[in-house]
Chemist: 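Have a look at the structure that comes next, please.
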Amino acid sequence: MAMARVIFLGFAIGLSFGIFTTYVALDYYRSGGSLNSYLRHEKFSQSGAHFVEFDDDDEVHGTHSSGTKRVRLVPSMNFDKDMNDKHHRLSQNISDRLKKVRVLCWVMTSPKTLYAKGRPVKETWGKRCDKLLFMSSKEDKSFPAVGLDVPEGHEKLWHKTRAAWQYIYDHHLNDAEWFLKADDDTYIIVENLKFFCSKYNPEKPYFFGRHFKTFGGYNSGGAGYVFSKETLRRFGKLLKDPSLCSLQSFAEDVEVGKCLANAGVHPGDTRDSRQRETFHPFPPEHHLISGYVPKDSWLYQYNNHPVIDGPDCCADHSIAFHYISPNMMYQMEYFVYHLRPYGLEHHDD
């Protein structure tokens with residue numbers, strides 16, 4: 001029995017030693033086959049270093065061979081600092097780029113809804129516009145809101161819209177390069193709007209929004225739409241000629257489309273590279289949940305492009321959502337600008 005225990009113990013020791021030497025040999029081979037490289041590999045591994053792979057044609061320093069890749073050993077603190085610095089520089093470059101894109105936002109409101117709906121707009125997305133105006137039938141200097149010489153009522157929206165655009169043309173043409181119209185229940189991600197507009201020359205006639213194909217083509221008023229400066233110039237002139245911009249109205253957004261068509265301005269494509277829409281006529285859940293909006297609804301009949309519902313409905317850089325309640329304005333603000341998964345970095349495409 002004693003002899004058997006000795007033999008068994010010797011076998012166990014030998015097996016353990018064999019496994020250990022095999023592991024060291026393999027690790028040594030991975031380190032590049034040099035003792036100094038192996039020791040350096042062990043030192044960095046114990047210190048929690050990151051191993052960053054590079055293709056053969058990438059510029060690297062302090063590397064050693066590892067198969068078809070070359071590997072740089074980077075201490076954790078320096079790696080995190082480099083990544084943070086890179087992310088900061090990227091964010092700064094994006095911020096500087098967006099600052100050059102000036103957007104005037106005007107919001108359609110009324111004396112009854114100015115404080116209930118206007119205040120949430122003012123306290124959330126509206127503060128990111130370069131200039132923010134509230135258009136009402138009655139002036140309110142304390143809010144403030146511009147008083148337009150038109151009566152309230154849905155049937156008077158076209159006259160109110162005409163008066164609002166006329167006011168902006170007369171008083172604010174040089175205050176921005178892009179001009180957004182939104183309702184007081186529309187939520188706008190202004191940075192995404194600026195990013196989208198930054199790809200275009202505002203001295204050319206652009207008309208952006210959710211493109212509906214009916215009535216000759218126009219952009220949804222509720223989802224918000226955008227004029228370039230040149231479009232505002234043309235629209236301001238059209239308003240002075242009832243033969244080109246009728247005083248009669250079917251719907252205010254339809255009439256805007258008809259007027260601009262007379263000046264050769266038509267809705268542009270605002271979808272992303274994956275054909276996902278950026279201006280949305282309903283709240284997020286209506287678009288994100290498959291079947292929420294019935295297939296026989298007006299949206300499927302009006303939309304210029306095939307309607308996509310479900311998770312792939314909406315662009316990552318979506319710009320607008322409509323029918324957002326005052327409480328939901330603050331929820332959208334939190335979800336868009338504050339909620340983040342811990343450790344997840346956000347990078348622009």
Side-chain angles (χ1 to χ4, degrees), residues 83 87 90-91 94 97-98 101 103 105 117 120-121 124-126 128 180-200 207-214 217-226 253 267-349:
M83 289 300 292
H87 182 64
L90 176 64
S91 298
I94 294 172
R97 177 181 176 182
L98 296 187
V101 183
V103 175
C105 308
K117 293 186 175 181
V121 169
T124 58
W125 66 265
R128 299 182 182 92
L180 166 76
K181 179 267 177 185
D183 288 346
D184 56 11
D185 60 352
T186 307
Y187 187 92
I188 305 292
I189 298 93
V190 176
E191 292 86 351
N192 290 349
L193 172 62
K194 288 190 171 191
F195 174 68
F196 178 85
C197 291
S198 69
K199 306 169 189 176
Y200 300 91
F207 178 34
F208 293 128
R210 181 65 171 245
H211 186 180
F212 290 158
K213 62 187 176 183
T214 50
Y218 66 101
N219 284 323
S220 166
Y225 56 81
V226 188
D253 47 8
D269 191 348
T270 55
R271 296 173 300 166
D272 71 2
S273 60
R274 293 170 55 184
Q275 312 306 307
R276 298 175 301 181
E277 301 277 6
T278 54
F279 289 79
H280 308 288
F282 297 123
E285 63 178 353
H286 288 54
H287 299 284
L288 290 166
I289 300 174
S290 296
Y292 197 110
V293 178
K295 301 293 183 182
D296 60 353
S297 78
W298 60 264
L299 178 62
Y300 286 84
Q301 299 172 33
Y302 284 22
N303 215 64
N304 188 63
H305 307 289
V307 175
I308 302 173
D309 66 356
D312 287 329
C313 67
C314 311
D316 291 350
H317 292 141
S318 283
I319 293 168
F321 291 92
H322 189 214
Y323 294 125
I324 305 299
S325 69
N327 287 349
M328 196 174 181
M329 285 281 178
Y330 296 104
Q331 294 179 47
M332 291 285 291
E333 184 79 0
Y334 171 72
F335 289 133
V336 173
Y337 291 98
H338 300 282
L339 181 63
R340 292 289 183 271
Y342 180 75
L344 181 63
E345 293 285 353
H346 292 257
H347 299 288
D348 282 355
D349 295 335

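All values derive from a computational prediction rather than experimental measurement.
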Chemist: Would you say the rings of Phe282 and Tyr292 are close, in the sense that their centroids are separated by under 6.0 Å?
Modeler: no

Chemist: Are side-chain heavy atoms of Pro326 and Asp184 found at a separation under 4.5 Å?
Modeler: no

Chemist: For the atom pair OH (Tyr334) and CG (Leu339), what is the distance rounded to the nearest 0.5 Å?
Modeler: 4.5 Å

Chemist: Report the C-alpha separation of Trp125 and Ile189 in whole Å, then their side-chain angles, then the decisive distance to 0.1 Å, and conclude whether the side chain to side chain contact (heavy atoms under 4.5 Å, CB included) test is met.
Modeler: CA-CA 7 Å; Trp125 66 265; Ile189 298 93; over 6 Å; no

Chemist: Return the set of residues passing ring-ring contact (aromatic ring centres under 6.0 Å, His included) with His211 (not counting sequence neighbours), or none when no residue passes.
Modeler: none

Chemist: Tell me whether Asn192 contacts the main-chain N or O of Ile319 through its side chain, where contact means a donor paired with an acceptor under 3.5 Å.
Modeler: no

Chemist: Indicate yes or no for a side-chain donor-acceptor contact from Glu277 to the backbone of Cys313 under 3.5 Å, with no hydrogens or angles considered.
Modeler: no

Chemist: Please examine the side chains of Asn304 and Pro267, heavy atoms only from C-beta on, and report whether any two atoms are closer than 4.5 Å.
Modeler: no

Chemist: Donor-acceptor check, side chain of Asp253 to backbone of Ser220, threshold 3.5 angstrom: yes or no?
Modeler: no

Chemist: Would you check if the side chain of Thr278 reaches a backbone N or O of Thr270 as a donor-acceptor pair within less than 3.5 Å?
Modeler: yes

Chemist: If you look at every heavy atom in Val103 and Lys194, which pair is closest and at what distance?
Modeler: CG2-CG, 3.8 Å

Chemist: Between the main-chain N or O of Ala223 and the side-chain N or O of Thr186, is there a donor-acceptor pair closer than 3.5 Å?
Modeler: no

Chemist: Can you check whether His287 reaches Val293 side chain to side chain, under 4.5 Å on heavy atoms?
Modeler: no

Chemist: Assign the ring pair His280 / Phe321 to parallel, tilted or perpendicular, where the plane angle (0 to 90°) is split at 30° and 60°.
Modeler: parallel

Chemist: I'd like to check the side chain to side chain donor-acceptor pair (under 3.5 Å) partners of Asp312; sequence neighbours left out, ordered by chain and number.
Modeler: none

Chemist: Apply the test side chain to side chain contact (heavy atoms under 4.5 Å, CB included) to residues Leu180 and Ile188: give CA-CA distance (whole Å), side-chain angles for both, the deciding distance (0.1 Å), then the verdict.
Modeler: CA-CA 10 Å; Leu180 166 76; Ile188 305 292; 3.9 Å; yes

Chemist: For Lys117, which residues count as a salt bridge (Lys or Arg N to Asp or Glu O under 4.0 Å) partner, sequence neighbours excluded?
Modeler: none

Chemist: So, for Ser290 and Asp309, which heavy atoms are closest and what is the spacing to 0.1 Å?
Modeler: CA-OD2, 3.5 Å

Chemist: Assess whether side chain to side chain contact (heavy atoms under 4.5 Å, CB included) is satisfied between His305 and Asp269, documenting all intermediate values.
Modeler: CA-CA 9 Å; His305 307 289; Asp269 191 348; 3.8 Å; yes

Chemist: Look at the aromatic rings of Trp298 and Phe212 and report parallel, tilted or perpendicular, splitting at 30° and 60°.
Modeler: perpendicular

Chemist: Distance alone, cut at 3.5 Å: any donor-acceptor contact between the side chains of Glu191 and Tyr337?
Modeler: yes

Chemist: If you round to the nearest 0.5 Å, how far is OG1 of Thr124 from CE of Met332?
Modeler: 9.5 Å

Chemist: Please walk me through it: do Arg210 and Leu299 pass side chain to side chain contact (heavy atoms under 4.5 Å, CB included)?
Modeler: CA-CA 11 Å; Arg210 181 65 171 245; Leu299 178 62; 4.1 Å; yes

Chemist: My understanding is that only residues two or more places apart in sequence, or in another chain, count here; which of them pass ring-ring contact (aromatic ring centres under 6.0 Å, His included) with Phe335?
Modeler: none

Chemist: Would you say the side chain of Val226 lies within less than 4.5 Å of the side chain of Leu193, judging by non-hydrogen atoms?
Modeler: yes

Chemist: Using 0.5 Å steps for rounding, measure from the CD atom of Gln331 to the OG atom of Ser325.
Modeler: 6.5 Å

Chemist: Mind checking what makes ring-ring contact (aromatic ring centres under 6.0 Å, His included) contact with Phe279, not counting sequence neighbours?
Modeler: none

Chemist: Measure the shortest side-chain to side-chain distance between Gln275 and Pro306 over non-hydrogen atoms and say whether it is less than 4.5 angstrom.
Modeler: no

Chemist: Whether the side chain of Lys181 engages the backbone of Gly221 through a donor-acceptor N/O pair (distance < 3.5 Å, no angle test) should be reported.
Modeler: yes

Chemist: If you look at every heavy atom in Arg276 and Ala315, which pair is closest and at what distance?
Modeler: CB-N, 3.6 Å

Chemist: Nearest 0.5 Å please: distance from the CG atom of Leu288 over to the SG atom of Cys314.
Modeler: 5.0 Å

Chemist: With sequence neighbours excluded, tell me which residues meet salt bridge (Lys or Arg N to Asp or Glu O under 4.0 Å) with Asp185.
Modeler: none

Chemist: Shortest non-hydrogen contact from Asp183 to His322?
Modeler: OD2-NE2, 3.6 Å

Chemist: Give, for atom CZ of Arg274 and atom CD1 of Ile308, the distance between the pair rounded to the nearest 0.5 Å.
Modeler: 9.5 Å

